Amino acid sequence: MTNVLTFGTFDVFHIGHVNMLVRAADLGDHLTVGVSSDALNFSKKQRYPVYREEHRMAIVKSLACVDEVFVEESLELKGEYIKKFNADVLVMGDDWAGKFDHYRELCEVVYLPRTAEVSTTDIIQSIKEQLD
Ligand code: C2G
């Protein structure tokens, strides 16, 4: 049984998120997803996500490839989460390449390529432009 763990905000859920989660699930037998809290996002970006935490979690949890979700309270707690969820593989998008290599002492660390030309920021921007 291989446990896979990944993290993200998954705000304004889109195809890049689906691709990442499907490929993460393919690396093992059980996929756990840490969904960044509203407070964590605010501290990182000085704005709240468009979709609130409970809704982002419910969307991610509803996917067939996802077995379990939890709230990621802090970026610094990945080591604790790896242990708590017994992760064999930590999967992150390659925008984080190299940033989590120190967790290789706890589990395998894999960076997957992001889906090109789609992002929450661009979707929000294009909605704004269409409304102007
Ligand atoms: N993603 C992707 N392709 C895109 C956009 C996102 O593959 N075009 C991936 C990201 O690389 C990430 C996941 O989808 O693995 C979630 O993306 P975000 O919500 O942007 O996650 P992020 O804010 O980078 O995560 O501990 C990390 C934090 O939770 C932050």
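Side chains included, hydrogens not; waters and symmetry mates left out as well; all remaining heavy atoms used. Keep in mind it's a predicted model, so treat the numbers as computed, not measured. Counting starts at 1 for both ligands and their atoms, in listed order.
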- Where is the nearest protein heavy atom to atom 24 (O) of ligand 1: which residue, which atom, and how far? Trp96 NE1, 3.1 Å

- Query: Can you check whether Asp29 reaches Asn3 side chain to side chain, under 4.5 Å on heavy atoms?
  - Reply: no

- Query: Within less than 4.0 angstrom of ligand 1, does Leu75 place any heavy atom?
  - Reply: yes

- Note on the structure: Per-atom filter on ligand 1: closer than 4.0 angstrom to a heavy atom of Lys44 are 23 (O), 28 (C), 30 (C)

- From CA spacing to verdict: ring pair (Phe, Tyr, Trp, His ring centres under 6.0 Å), Phe70, Phe85: CA-CA 10 Å; Phe70 70 97; Phe85 293 98; 4.4 Å; yes

- Protein heavy atom at shortest distance from atom 23 (O) of ligand 1: Thr9 OG1, 3.1 Å

- Contact check: Arg23 vs ligand 1, nitrogen or oxygen atoms, below 3.5 angstrom: no

- Are Arg114 and Asp95 within salt-bridge range, i.e. N to O under 4.0 Å? yes

- Task: Using a strict 4.0 Å cut-off to heavy atoms of Phe10, name the atoms of ligand 1 that fall inside it.
- Result: 13 (C), 16 (C), 19 (O)

- Any heavy atom of Asp94 under 4.0 Å from ligand 1? The part involved is neither

- Message: Is the shortest side-chain heavy-atom distance between Val71 and Glu53 below 4.5 Å?
- Response: yes

- Message: Looking at every heavy atom in both Asp88 and Met1, which two are closest together, and how far apart are they?
- Response: OD2-O, 3.6 Å

- Message: Please report whether ligand 1 has a polar contact with Ser119, defined as an N or O pair separated by less than 3.5 Å (distance criterion only).
- Response: no

- Residue, atom and distance of the protein heavy atom nearest atom 25 (O) of ligand 1 read Gly8 CA, 3.4 Å

- Message: Evaluate Val118 for polar contact with ligand 1, using N/O atom pairs at a separation under 3.5 Å.
- Response: yes

- Would you indicate which of Met20, His14, Glu117, Arg56 comes nearest to atom 9 (C) of ligand 1 when only heavy atoms are counted? Met20

- Between Asp95 and ligand 1, does any nitrogen or oxygen pair lie at a separation below 3.5 Å? yes

- Query: Between Glu73 and Tyr81, is any pair of side-chain heavy atoms under 4.5 Å apart?
  - Reply: yes

- Candidate with minimal heavy-atom separation from atom 29 (O) of ligand 1, of Gly16, Ser36, Ala24: Ser36

- Query: Counting from 1, what ligand 1 atoms have a heavy atom of Gly93 closer than 4.0 Å?
  - Reply: 11 (O), 15 (O)

- Query: How close does the nearest protein non-hydrogen atom get to atom 14 (O) of ligand 1, and which residue and atom is it?
  - Reply: His17 CD2, 3.6 Å

- Show the numbers, then the answer: is there a side chain to side chain donor-acceptor pair (under 3.5 Å) between Tyr48 and Asp11? CA-CA 10 Å; Tyr48 285 106; Asp11 190 24; over 6 Å; no

- Item | Gap between atom NZ of Lys83 and atom CG of Leu106 - 0.5 Å precision | 6.0 Å

- Query: Would you say Val35 and Val4 are hydrophobically clustered, going by side-chain heavy atoms of ILVMFWY under 4.5 Å?
  - Reply: yes

- Message: I need the atoms of ligand 1 closer than 4.0 Å to a non-hydrogen atom of Lys78, numbered in the order shown.
- Response: 26 (O), 27 (C)

- Query: With a cut-off of 4.0 Å, which atoms of ligand 1 are near a heavy atom of Glu72?
  - Reply: 26 (O), 27 (C), 28 (C), 29 (O)

- Task: Indicate, with yes or no, if the rings of Tyr51 and Phe13 have centres closer together than 6.0 Å.
- Result: no

- Short N/O distance, under 3.5 Å, between Asp11 and ligand 1? no

- Does the side chain of Ser36 reach to within under 4.5 Å of the side chain of Asn41, using non-hydrogen atoms? yes

- Message: Could you identify the single nearest non-hydrogen protein atom to atom 3 (N) of ligand 1 and state the distance to 0.1 Å?
- Response: Thr115 N, 3.1 Å

- Message: Counting non-hydrogen protein atoms only, what is the nearest one to atom 6 (C) of ligand 1? Give residue, atom name and distance.
- Response: Arg114 NH1, 3.5 Å

- Item | Ring-face cation contact, Phe7 with Lys78, 6.0 Å cut, 45° max | yes

